[in-house]
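Have a look at this one.
This is a predicted model, so every value here is computed, not measured.
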Amino acid sequence: MGHTIAEKIISRHAGRLVHAAEIAIVPIDGAMATDTTAPLAIKAFHEMGGRRVWDAGKMALVIDHAAPAPNERIANLHQMMREFSAEQHLPHFYDIGSGICHQLMVENGHVRPGDIFLGADSHTPTYGALGAFAVGVGSTDLAAAMLTGKTWLKVPHTIKIVLEGTLRPGITAKDVILRLVGDLGIAGATYDAVEFTGPVVARMTLASRMVLANMVAEMGAKTALIDTIGLDLDYPFDPIHPDPDAVYKAVYTFDVSELTHQIAVPHSPDSVVPLTQVAGQPIAMAFIGSCTNSRLEDLHAAAAVLRGRHIAPDVRMIVTAASRKIFNEALRDGTIATLSEAGASFITSGCGPCVGTHQGVPGDDEVVISSTNRNFRGRMGNPNARIFLASPAVVAATAVAGRIIDPADLQAR
Amino acid sequence: MAYKAKQVIRGAAHVYGDNIDTDRIIPGKYTKTLDLSHLADHVLEDLDPTFRDRVQPGDILVAGDNFGCGSSREQAPLALKEAGVSVVVASYFARIFFRNAINIGLPVVEIGRHTIADGTQLEVDLARGEVRDLSAEQTYAAAPLPDIMLAILDAGGLVRYLQITGDYGDS
Ligand code: SF4
C-alpha cells in the first residue's frame, strides 16, 4: 500500500512506515506561538518542569494578535513573552509590527518542505503551501513540544483535491477555497489532511498557495499539503510526491474554469454563495488583512481597483499588510499611496481587526466585507455585526460602491 | 474507551446544537488573559447569555456535531472547565478542541447522533465508556480513545503527564 504525502512525512520523522489512523511520536522541526497562545504555553512549560526549550533556534514567538497592546492586561502578557524570549535566548522573537505569525514563518524560512511544524494557532496548515506537514495545536500541546521537541500525532487520512482548468481573469485562489469550503462544509475534512494538486495549483504563486492551505482550517482539516510542482523558492528542496497507489479517503476533481467571485455570508465560512446572489448588499466597513489575504499580490489587486477612485463616503476601509516586509515593498512600489489616496486607513502589520481583539471593531448591525477567513458571530469583536468574506479585489470594489459588487461592474460604470 | 480512573460523573445536561465554534465558546476579545475566572465569566456568552448564571458545578455540556470548531484557543475548554462543566458530550468534536480538552484534563466523550434533551440528568461512566440518559433510560457508547490520550487523561492532563514521565515514549 502506497503512501500519501502526509504518511511519507510522518514516516520519515517516526523512523518507520506508518499509515492513516496509526499513532506516531515524532520529532518536530519547528514550533511557534502567538500572544494569544504563548502566555498559557509558557505557564504550562514551567509547570511541566521546563527550564530550557528543546532547541531555541527552532522556536518562534510572535506578537501579532493584539499588537500594539490595547490595554495593560495585554501589555503585561506581551512583557511576559519578551522576558521569556530573552531568558531563553530565542533568536526568532517577533515583536509588534513584524507581521502575522504565519507570514513570518514562511517569509523567514522557519518552515520548509517536508518539515513537521507545530503552531499554536489554527491557521498553521498555511505552511502546507510549502509542502510541510504543519498542524495547529493548543497551548499545552505546544508547551510539551517546547519541552520535548516532539509531539504525538494520529496519522491523518487524506482527501485529495485536483484543480483543473483555467481561472477566469480576476478569479483567485480565495474564490477557489471559498467554493471548496462551501462544498465540503465546516466539518468536511475534520481530522483529515487535504492534498491539492493539478494544473491550476502548478501555476499558482506561493502567496496564492498559502490562501488555499490557510482555509483548510475552515473545513476542520488537520493540515494541507500542496503539490510543490511549480513552486519557486530561493533555496533548494526535495519535493515529496504521493505514491501512485496511495490510499485516499476521497478524491475530488474540480474544474475551476466556470468559477465566479464567491462570498461567504454570515455567520459561517461555509455559507458560500456566488457574488451575484448578494450583490447590492450595503456595507459599512471593508477590511483587507489577515494571514489569508494581505500579501503583496492582494494589496496589488486592491490597488488595481482603487487606483484613481475613492471609497464611498459612508464606508471606512482598513488595510493591514501581512508583514512589515510586505508593507515596505508596497510602500516602495506606490501601492500604499494608491490605497491611502483612495481613503484606506492603515493598521500595524499583524492580525488587526481579524479576531476582534482590538482596533477596527464594527458597531451593532453593521455589515463588514473582509478578506479574512472567518465570519463567525462575534469574530471581529461584536456579535451583532455581520461579516461577509471575499477576495481583496471584491472587498476593494465593494468599498468604492458602498455595496457588494463585482469589480468588473465597477469598471463598466 | 476505558479510562483507568473509575469515574462516574452525574449532572444536568445543557444541550446545544451543531458546529459551535470557539468564538461562541469564548470570544477572542476575552482570551488574552491568564486569569481563568475572567474566561469563565464570559463562557458561551454569544451563544446563550444565561448559561453563565445557570451552570452548576458538575453540570454536563452536550452538543451535536463538530463542537469547538474554529480557533486553537485552549481558553475554550479552560473557560468551560473553570465555569464548572465536568465533562463535554458531543456527537463529535473538532480536532484541536478535542486535544486541548484532554490536555487540560476536561473529559470529552463522543457518542455520535443522540437525542439528549436539555435539563435531563446524565451519567457519564468514563471507565466503561458509556453515557446514560437517566430520564430517557437510554445508553450511548462512547468512541474509544487512543492509549496516549487515555494516559494523559488518567494523569489529569498533559502538564501532569509530563511532570511524571518527563518525555513522550518512543513511537
Ligand atoms: S490574521 Fe486572523 S486568522 Fe490569521 S492568525 Fe491572525 S487572527 Fe488568526
Open item on the list: Check this for me: does any side-chain nitrogen of one of B:Asp65 and B:Arg113 sit under 4.0 Å from a carboxylate oxygen of the other?
Closed with: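 Salt bridge present between B:Asp65 and B:Arg113.
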Task: chain B contact via A:Ala120 - side chain, backbone, both or neither, heavy atoms under 4.5 Å - done: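 Interface part for A:Ala120: backbone (N, CA, C, O).
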TODO: Name the member of B:Met149, B:Glu45, B:Arg160 that forms the most heavy-atom pairs with chain A at distances under 4.5 Å.
DONE: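 Result: the option with the highest number of such pairs is B:Met149.
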Task: Residue selection (most heavy-atom pairs with chain B, distance under 4.5 Å) from A:Leu77, A:Val135, A:Asn71, A:Asn76 - done: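 Most heavy-atom pairs within the cutoff with chain B belong to A:Leu77.
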Task: Contact origin within A:Met380 toward chain B - heavy atom pairs under 4.5 Å - done: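 For A:Met380, there is no contact with chain B at all, as no heavy atom is under 4.5 Å.
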Open item on the list: Ignoring hydrogens and geometry beyond distance, is a side-chain donor-acceptor pair present between B:Tyr140 and B:Thr115 at under 3.5 Å?
Closed with: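 The criterion, which ignores hydrogens and geometry beyond distance, is satisfied for B:Thr115 and B:Tyr140.
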TODO: Could you tell me which portion of A:Leu147 (side chain, backbone, both or neither) has an atom closer than 4.5 angstrom to a non-hydrogen atom of chain B?
DONE: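 Looking at A:Leu147, just its side chain touches chain B.
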Open item on the list: For A:Arg377, which atoms come within 4.5 Å of any heavy atom of chain B: side chain, backbone, both, or neither?
Closed with: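 Contact with chain B involves both backbone and side-chain atoms of A:Arg377.
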Open item on the list: Report, in residue-number order, which members of residues 34-44 of chain A are under 4.5 Å from chain B by heavy-atom distance.
Closed with: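 Near chain B, by residue number: A:Asp35, A:Thr36, A:Thr37, A:Pro39, A:Leu40, A:Lys43, A:Ala44.
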Open item on the list: So for A:Thr151, is it side chain, backbone, both, or neither that comes closer than 4.5 Å to the heavy atoms of chain B?
Closed with: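 For A:Thr151, backbone and side chain are both near chain B.
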- [ ] Using non-hydrogen atoms and a 4.5 Å limit, figure out which bit of B:Ile164 sits close to chain A: side chain, backbone, both or neither.
- [x]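 B:Ile164 has no heavy atom closer than 4.5 Å to chain A.
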- [ ] Nearest 0.5 Å please: distance from the OG1 atom of A:Thr190 over to the CD1 atom of B:Ile96.
- [x]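 The CD1 atom of B:Ile96 is 11.0 Å from OG1 of A:Thr190, to the nearest 0.5 Å.
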